[in-house]
Undergrad: 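Have a look at this one.
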Amino acid sequence: QVQLVESGGGLVQAGGSLRLSCAASGRTFSNYAMGWFRQAPGREREFVAAISRSGSSTNYADSVKGRFTISRDNAKNTVYLQMNSLKPEDTAVYYCAADYGGYYYTPSGQYEYDYWGQGTQVTVSS
C-alpha cells in the first residue's frame with residue numbers, strides 16, 4: 001500500500017501561483033511514477049501532469065504546458081506541482097496518484113494508477 005496526502009490548495013486570484021505537495025508513505029517512493037489529476041464540478045477527472053520514477057521524464061496536459069511544473073524529491077518522498085499564471089478554469093480538486101511503472105514511465109491515464117490521495121481544493125477567482 002502507498003498512502004498519499006496532498007496539501008497546498010487554496011484560494012488564489014487569476015494570474016497567481018500555488019504549489020501543491022503530495023507526501024507518500026508505505027512503499028519505496030522511487031519505484032513509482034507519480035501523477036497529478038484534477039476534477040472540476042460536473043466534469044470528468046482529467047490528467048494534469050506526470051513524472052517518472054527518477055524525475056528525468058515529465059508529461060503535461062496541453063492545457064497546463066508552460067504554466068505548471070511537476071517535480072519530485074525522492075529523498076523526501078514528495079511530489080510537487082508548481083502552478084503559475086492560474087486561470088479560473090484551473091479551479092478543481094487536485095489529486096496525486098502513484099503508479100508502479102518503468103523507469104521513464106509517465107502515464108496519463110487515470111486507470112493506470114494504483115493509489116490516490118484524497119485531493120486538495122484549488123479555487124482561482126477572476
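Remember, predicted model here, so these are calculated numbers, not experimental data. By convention here, the first residue in the shown sequence is residue 1. Just so it is clear, the values below take in all heavy atoms, side chains as well, and ignore hydrogens, waters and symmetry mates.
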Undergrad: Looking at CE of Met34 and CG of Leu81, how far apart are the two atoms once the value is rounded to the nearest 0.5 Å?
TA: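 Rounded to the nearest 0.5 Å, the CE-CG separation comes to 11.5 Å.
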
Undergrad: Looking at residues at least two apart in the chain, or sitting in another chain, which of them share a ring-ring contact (aromatic ring centres under 6.0 Å, His included) with Phe47?
TA: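 Phe47: ring-ring contact (aromatic ring centres under 6.0 Å, His included) contacts with Phe37.
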
Undergrad: Test: salt bridge (charged side-chain N to carboxylate O under 4.0 Å, His left out). Region: residues 12-22. Which pairs qualify, not counting sequence neighbours?
TA: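 Residue pairs with at least one partner in residues 12-22: there are none.
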
Undergrad: With Arg67, which residues qualify under salt bridge (Lys or Arg N to Asp or Glu O under 4.0 Å), at least two apart?
TA: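 Once residues adjacent in sequence are excluded, the partners of Arg67 under the salt bridge (Lys or Arg N to Asp or Glu O under 4.0 Å) criterion are Asp90.
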
Undergrad: Could you tell me the separation between the CD1 atom of Ile51 and the OG atom of Ser71, rounded to the nearest 0.5 Å?
TA: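 Output value for this atom pair is 6.0 Å.
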
Undergrad: Who else is in the cluster with Leu11 when I, L, V, M, F, W and Y are joined by side-chain contacts under 4.5 Å?
TA: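 Noted: Leu11 shares its cluster with no other residue.
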
Undergrad: Between Met83 and Val79, is there a shared hydrophobic cluster once you connect ILVMFWY residues whose side-chain heavy atoms come closer than 4.5 Å?
TA: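 Linked within one cluster.
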
Undergrad: Tell me every residue that passes side-chain hydrogen bond (donor to acceptor under 3.5 Å, both in side chains) with Ser17, counting only those two or more places apart in sequence or in another chain.
TA: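 Scan of Ser17 (side-chain hydrogen bond (donor to acceptor under 3.5 Å, both in side chains), adjacent residues dropped) gives Asn84.
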
Undergrad: Which pairs with one or both residues in residues 46-56 pass salt bridge (charged side-chain N to carboxylate O under 4.0 Å, His left out), sequence neighbours excluded?
TA: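 Every pair satisfying salt bridge (charged side-chain N to carboxylate O under 4.0 Å, His left out) with a residue in residues 46-56: Arg38-Glu46.
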
Undergrad: Evaluate the side-chain hydrogen bond (donor to acceptor under 3.5 Å, both in side chains) criterion for residues Tyr115 and Gln3: first the C-alpha distance (whole Å), next the side-chain angles of each, then the deciding distance (0.1 Å), finally the verdict.
TA: CA-CA 7 Å; Tyr115 302 102; Gln3 292 78 42; over 6 Å; no

Undergrad: Taking only residues two or more places apart in sequence, or in another chain, which ones meet Ser54 in a side-chain hydrogen bond (donor to acceptor under 3.5 Å, both in side chains)?
TA: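 If we apply the side-chain hydrogen bond (donor to acceptor under 3.5 Å, both in side chains) test to Ser54, skipping adjacent residues, the hits are Ser56.
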
Undergrad: Going from CG on Asn59 to NZ on Lys65, what distance comes out if it is rounded to the nearest 0.5 angstrom?
TA: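 Asn59 atom CG to Lys65 atom NZ measures 7.5 Å (nearest 0.5 Å).
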
Undergrad: Keeping to residues at least two apart or across chains, list the disulfide (SG to SG under 2.5 Å) pairs with something in residues 59-89.
TA: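 Residue pairs passing disulfide (SG to SG under 2.5 Å), neighbours aside: none found.
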
Undergrad: What pairs of residues pass the ring-ring contact (aromatic ring centres under 6.0 Å, His included) test when at least one of them lies in residues 2-35, not counting sequence neighbours?
TA: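 Counting only pairs at least two positions apart or across chains, the ring-ring contact (aromatic ring centres under 6.0 Å, His included) contacts touching residues 2-35 are Tyr32-Tyr100.
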
Undergrad: Give, for atom OG of Ser52 and atom OH of Tyr105, the distance between the pair rounded to the nearest 0.5 Å.
TA: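 Spacing of OG (Ser52) from OH (Tyr105) equals 12.0 Å.
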
Undergrad: Tell me, which pairs form a disulfide (SG to SG under 2.5 Å) where one or both residues lie in residues 35-126, sequence neighbours left out?
TA: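 Every pair satisfying disulfide (SG to SG under 2.5 Å) with a residue in residues 35-126: Cys22-Cys96.
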
Undergrad: Indicate every side-chain donor-acceptor pair of residues 116-126 with a distance under 3.5 Å to a residue at least two apart or in another chain.
TA:
from, atom 1, to, atom 2, distance (Å)
Gln118, NE2, Glu6, OE1, 3.4
Thr120, OG1, Gly9, N, 3.3
Gln121, NE2, Ala92, O, 3.4
Gln121, NE2, Thr123, OG1, 3.3

Undergrad: Once ring-ring contact (aromatic ring centres under 6.0 Å, His included) is applied, what residue pairs with a partner in residues 58-81 remain, sequence neighbours excluded?
TA: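 Every pair satisfying ring-ring contact (aromatic ring centres under 6.0 Å, His included) with a residue in residues 58-81: there are none.
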
Undergrad: Taking the side chain from Thr78 and the backbone from Lys76, do they hold a donor-acceptor pair closer than 3.5 Å?
TA: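 At least one qualifying donor-acceptor pair exists.
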
